[in-house]
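Below is one structure; the comments refer to it alone.
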Amino acid sequence: MSTAQKVLVGVVIVVCLVVGGVLGFLLGGGNGYKVVETDSKGVSGNKYDPASYKDKYPLQYASYMEASKYPEGRDKPGDFGGDKLFDHVNGGKQTELVTLFGPNPFSVYYADDRGHVYALDDLFDSGRTKGPNPYDPPKTFSQRGACVTCKTPYLEQIFDDNKFGSDDWGFAKVPFDEMRDSYFDDQMKEHGSINCATCHDPETHELRIINKALKFAFEKGIPGYKDGEPIDWEKATKQEMRTYVCAQCHVEYYFEPDTFRVVFPWDNGLEFDKQYEHYKTEPNGFKQDFKNGTSGAAILKAQHPDFEAWTTGVHGKAGVACADCHMPYVTKNGEKYSTHDVTSPLRTVENSCMQCHNDQTKEWLIDSVTSIQANFWVQQHEAELAVSKAHQTIKAAKDAGASDEALAEALELVREAQWYWDFVAAENGMGFHNPDQGMKATGQSIVKANEAILSAYKAAGKSL
């Protein structure tokens, strides 16, 4: 081999090594780590049992099971929120909830969640689904099967079975106790909480949507989101799907009267005031979740509008996905994977926050989050107090002889005030998902509550 040939061979080898290294870096997700890719071979065993995925995805499975090590829940990483099994009603932290939510079951039990691995257990054991109804003893609260919609991957099977009628939503109107006891056997109760198959197709392992309520909302389109055009989730990018799978459940919804079908109130948009305007049209005949036991106002109970808050906040607008923060990429044994220990980003600041905010320290980022949440908590609690006082003032006006007709304005105002407060109070970010919205909603809640109080005084025609 000539000198020229040797040089050429050397150049080719160097080029191959460089190109191979670059491709290895890019395909490995950077930092020289290997990304654990999904395959299309399916899983062995019950596709709704997370253990069926253990051998193929041991790191994801182990991280998913992390929460199971803490049956009482973990101490929260910050000052607010978290996944400790703490009941805000009976724990003395928010005593006004009894006035705001009575006689709704939330006035009896309102606990933080312990995480996805406990979702079904927490539903079955909730004080809202078992135990006596103190407002109507010795009865229990009359919950419906619709409650399981966001708690289990078996939802797919429940839709397909049509066990409770020809309508695929037939299960929704079945009494909750019957749904729990007749459909969920011991094995399903053991492993049927939110898990792999809730978000991943068991055959292809690609991200998917199984909740028909979200599919229906996407088919209609959402004003102010994606130009209001219908959304074909099957054509969504992976980054979009890393949020859409969460939007199956972390949203506001209502139960359609009579059928108890789950519906997302997005016809006017995702913001709290636009959803309230939509509710005023009484969609599908839905008027209220319950009548307040103190004032008699027709109350709307907000659920957990995390998707709405995130979408309209700075991170959502910047294209950050839910999973980027709550399921960040981590490394172990040289492999890079998305952790399935879905929890507060304050536990994984380096992986969740500093991938973008790499010009700040971990301590600065934590302080920024907790400061926002602390400020939000102060105003949220002030709104809570104001709305509670409004309910009590309306009751005092009634006791003084004011008619329901004279109190119509006050009743509408307190309903609106409570919705504004509850929309952000029920949201899991404790104000951080959308700080501007959190402060705006609680501020308007306080204003509306005070207007309700003045209106009630006016209706009574005298000092109360």
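Heavy atoms only: backbone and side chains are in, while hydrogens, waters and symmetry mates are out.
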Ring centres under 6.0 Å, that's the criterion: do [X] and [Y] meet it?
X: Phe307; Y: Trp266; answer: yes
X: Tyr154; Y: Tyr183; answer: no
X: Phe255; Y: Phe286; answer: no
X: Tyr57; Y: His340; answer: no
X: Phe164; Y: Trp169; answer: no
X: Tyr279; Y: Tyr254; answer: yes

Can you tell me how far [atom2] of [Y] sits from [atom1] of [X], rounded to the nearest 0.5 angstrom?
X: Met179; Y: Asp177; atom1: CE; atom2: CG; value: 12.0 Å
X: Ile210; Y: Gln157; atom1: CD1; atom2: CD; value: 11.0 Å
X: Glu156; Y: Lys212; atom1: CD; atom2: NZ; value: 9.5 Å

Under 3.5 Å: donor-acceptor pair, side chain of [X], backbone of [Y]:
X: Gln379; Y: Met439; answer: yes
X: Gln437; Y: Asn434; answer: no
X: Asp341; Y: Tyr64; answer: no
X: Ser193; Y: Leu120; answer: yes

Glu282 CD: over 12 foreign heavy atoms closer than 6.0 Å: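 For Glu282, atom CD is crowded (more than 12 foreign heavy atoms under 6.0 Å).
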Residues, nucleotides or ligands: over 12 heavy atoms within 6.0 Å of Lys301 NZ: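 Enclosed: over 12 neighbouring heavy atoms sit under 6.0 Å from NZ of Lys301.
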Step-by-step ring pair (Phe, Tyr, Trp, His ring centres under 6.0 Å) determination, Trp421 to Phe101: CA-CA 12 Å; Trp421 161 79; Phe101 292 144; 5.8 Å; yes
Parallel, tilted or perpendicular: ring planes of Phe124 versus Phe184, cut at 30 and 60 degrees: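 Judged by the thresholds at 30° and 60°, the geometry between Phe124 and Phe184 is perpendicular.
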Whether His315 and Phe432 hold their rings parallel, tilted or perpendicular, with breakpoints at 30° and 60°: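 Answer is tilted, since the angle falls between 30° and 60°.
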Flag for Asp168-Asn162: side-chain donor and acceptor within less than 3.5 Å: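 There is no such pair between these side chains.
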Distance-only side-chain donor-acceptor flag, Thr370 / Gln373, under 3.5 Å: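 There is no such pair between these side chains.
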[Y] six-ring centre to [X] NZ/CZ under 6.0 Å and within 45° of normal:
X: Arg415; Y: Tyr420; result: no
X: Arg144; Y: Phe260; result: yes
X: Lys163; Y: Phe171; result: no
X: Arg114; Y: Tyr118; result: yes

Heavy-atom side-chain proximity of Gln418 to Ser445 below 4.5 angstrom: no
Stepwise ring pair (Phe, Tyr, Trp, His ring centres under 6.0 Å) check, Tyr244 with Phe218: CA-CA 10 Å; Tyr244 289 167; Phe218 276 177; 4.8 Å; yes
Steps toward side-chain hydrogen bond (donor to acceptor under 3.5 Å, both in side chains) verdict (Thr442, Gln380): CA-CA 6 Å; Thr442 49; Gln380 175 195 317; over 6 Å; no
Side-chain ion pair, Lys362 and Asp367, N-O less than 4.0 Å: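 No.
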